There are 2 protein chains.
Amino acid sequence: MKLTELKAIQLAALFSALNDASRVRIISLLIDCEMSVSALAEGLKMSESAVSHQLRGLRQMRLVRARKEGRQVFYTLDDDHVVKLYSMGLDHVEHG
Amino acid sequence: MKLTELKAIQLAALFSALNDASRVRIISLLIDCEMSVSALAEGLKMSESAVSHQLRGLRQMRLVRARKEGRQVFYTLDDDHVVKLYSMGLDHVEHG
DNA sequence: TGAATAATTGAGCAGGTGTTCATATATTAT
DNA sequence: ATAATATATGAACACCTGCTCAATTATTCA
């Protein structure tokens with residue numbers, strides 16, 4: 001299966017969305033429900049700044065969508081395709 | 001879906017296997033057929049050293065298997081699960 | 001044996017990534 | 001207005017990655 005360099009880069013970028021444990025955990029929490037930055041930070045035991053930085057990246061990749069309500073910002077998954085990748089990957093890790 | 005830190009790390013590691021354009025292209029070639037290091041290097045227009053370094057990583061992740069024949073080493077995919085991830089990702093990149 | 005070929009390996013380096021820390025912005029409450 | 005809260009942002013830093021280059025190993029051929 002020959003692959004153009006462009007598609008290889010796009011494919012690599014897609015998988016890069018899930019190649020960090022912090023991002024994987026963020027995605028895993030957002031699968032269940034919408035969450036604010038501070039709720040994510042608490043659930044993941046990460047600083048709000050670190051979470052915010054990661055969310056920024058996920059936002060730029062269009063994997064996550066932000067909804068502002070008062071001074072909180074709630075995040076949800078924007079791309080269900082990534083959830084499928086996540087599930088397939090988890091399945092592989094769990095029953096190998 | 002709560003995720004332990006260990007599983008998050010394992011999941012991230014799995015996706016890290018495909019988060020680089022060179023590796024994606026290596027996988028894409030190996031989907032079709034077994035290939036030697038030099039054939040891969042030529043097909044990808046990469047140095048044999050660079051290809052070999054990447055293959056080492058893929059080997060350590062058990063995604064690729066080596067078979068020695070004379071002074072050549074032929075590589076094949078060892079893990080069909082990764083092919084599924086690859087295909088699903090490619091599908092996403094190609095049609096929406 | 002020595003030369004040539006195929007692949008591997010280690011060092012070194014440039015570029016990228018994820019965190020912390022400090023600061024800035026936006027919104028709400030007093 | 002000021003203070004407090006929620007998030008975002010930029011700089012700095014440590015760590016990781018993927019490449020090149022040089023050297024090494026293993027195999028074949030003359």
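Both backbone and side-chain heavy atoms feed into the values below; hydrogens, waters and symmetry mates do not. To find a chain, count down the sequence lines: A is the first, B the second, and so on, and within it residues start at 1. Quantities reported herein were computed from a predicted structural model and do not represent experimental measurements.
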Next on the checklist: If you apply the rule side-chain contact (heavy atoms from CB on, under 4.5 Å), what do you find for A:Ile27 with B:Leu3, and how did you get there?
Outcome noted: CA-CA 10 Å; A:Ile27 300 288; B:Leu3 205 59; over 6 Å; no

Item to check | Set of side chain to side chain donor-acceptor pair (under 3.5 Å) partners for A:Arg71, sequence neighbours left out | outcome: none

Next on the checklist: Could you work out, with side chain to side chain donor-acceptor pair (under 3.5 Å) as the rule, every residue matching B:Glu94, not counting sequence neighbours?
Outcome noted: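 B:Glu94 satisfies side chain to side chain donor-acceptor pair (under 3.5 Å) with A:Lys7 once adjacent residues are dropped.
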
[X] [atom1] to [N] [atom2], straight-line distance once rounded to whole Å:
| X | N | atom1 | atom2 | result |
| --- | --- | --- | --- | --- |
| B:Arg67 | C:dA7 | CZ | P | 12 Å |
| B:Leu58 | C:dA7 | CG | P | 16 Å |
| A:Leu55 | D:dT9 | CG | C1' | 13 Å |
| B:Leu44 | C:dA7 | CG | P | 13 Å |
| B:Met35 | C:dA7 | CE | P | 11 Å |
| B:Glu34 | C:dA7 | CD | P | 12 Å |

Next on the checklist: Mind checking if B:Gln72 touches a base, just sugar-phosphate, or nothing, with heavy atoms under 4.0 Å?
Outcome noted: sugar-phosphate

At less than 4.0 Å, is any side-chain N or O atom of [X] found next to OP1 or OP2 of [N]? Yes or no.
| X | N | result |
| --- | --- | --- |
| A:Arg25 | C:dG18 | no |
| A:Tyr75 | D:dA6 | no |
| B:Ser38 | C:dA7 | yes |
| A:Arg56 | D:dT9 | yes |

Between protein and nucleic acid, restricted to nucleotides 23-27 of chain C and to nitrogen or oxygen atoms under 3.5 Å apart, what atom pairs and distances do you find?
| unit_1 | atom_1 | unit_2 | atom_2 | d |
| --- | --- | --- | --- | --- |
| C:dA26 | O3' | A:Lys68 | NZ | 3.3 |

Scan the side chains in residues 37-56 of chain A for donor-acceptor partners under 3.5 Å anywhere in the protein, sequence neighbours excluded, and list what turns up.
| unit_1 | atom_1 | unit_2 | atom_2 | d |
| --- | --- | --- | --- | --- |
| A:Ser38 | OG | A:Ser36 | OG | 3.4 |
| A:Ser47 | OG | A:Ala50 | N | 2.9 |
| A:Gln54 | OE1 | A:Arg23 | NH1 | 2.9 |

Item to check | Same cluster (ILVMFWY, side-chain, under 4.5 Å), A:Leu29 and A:Val93 | outcome: yes

Distance-only donor-acceptor pairs under 3.5 Å for side chains of residues 76-92 of chain B, two or more places apart:
| unit_1 | atom_1 | unit_2 | atom_2 | d |
| --- | --- | --- | --- | --- |
| B:Asp78 | OD1 | B:Arg65 | NH1 | 3.4 |
| B:Asp79 | OD1 | B:His81 | N | 2.8 |
| B:Asp79 | OD1 | B:Val82 | N | 3.2 |
| B:Asp79 | OD2 | A:His92 | NE2 | 3.2 |
| B:Ser87 | OG | B:Val83 | O | 2.8 |
| B:Asp91 | OD1 | B:His95 | ND1 | 3.1 |
| B:His92 | NE2 | A:Asp79 | OD2 | 3.3 |

Next on the checklist: Are the side chains of B:Glu69 and B:Phe74 in contact, using a 4.5 Å heavy-atom criterion?
Outcome noted: yes

Item to check | Base-contact (B) and sugar-phosphate-only (S) positions in nucleotides 15-25 of chain D, heavy-atom cut-off under 4.0 Å, - elsewhere | outcome: ---SSBB----

Next on the checklist: Other residues, nucleotides and ligands only: do more than 12 of their heavy atoms fall within 6.0 Å of CZ on A:Arg59?
Outcome noted: yes

Checklist entry - Above 12 or not: heavy atoms from other molecules or residues under 6.0 Å from CZ of A:Arg67? => result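 Result for CZ/A:Arg67: enclosed.
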
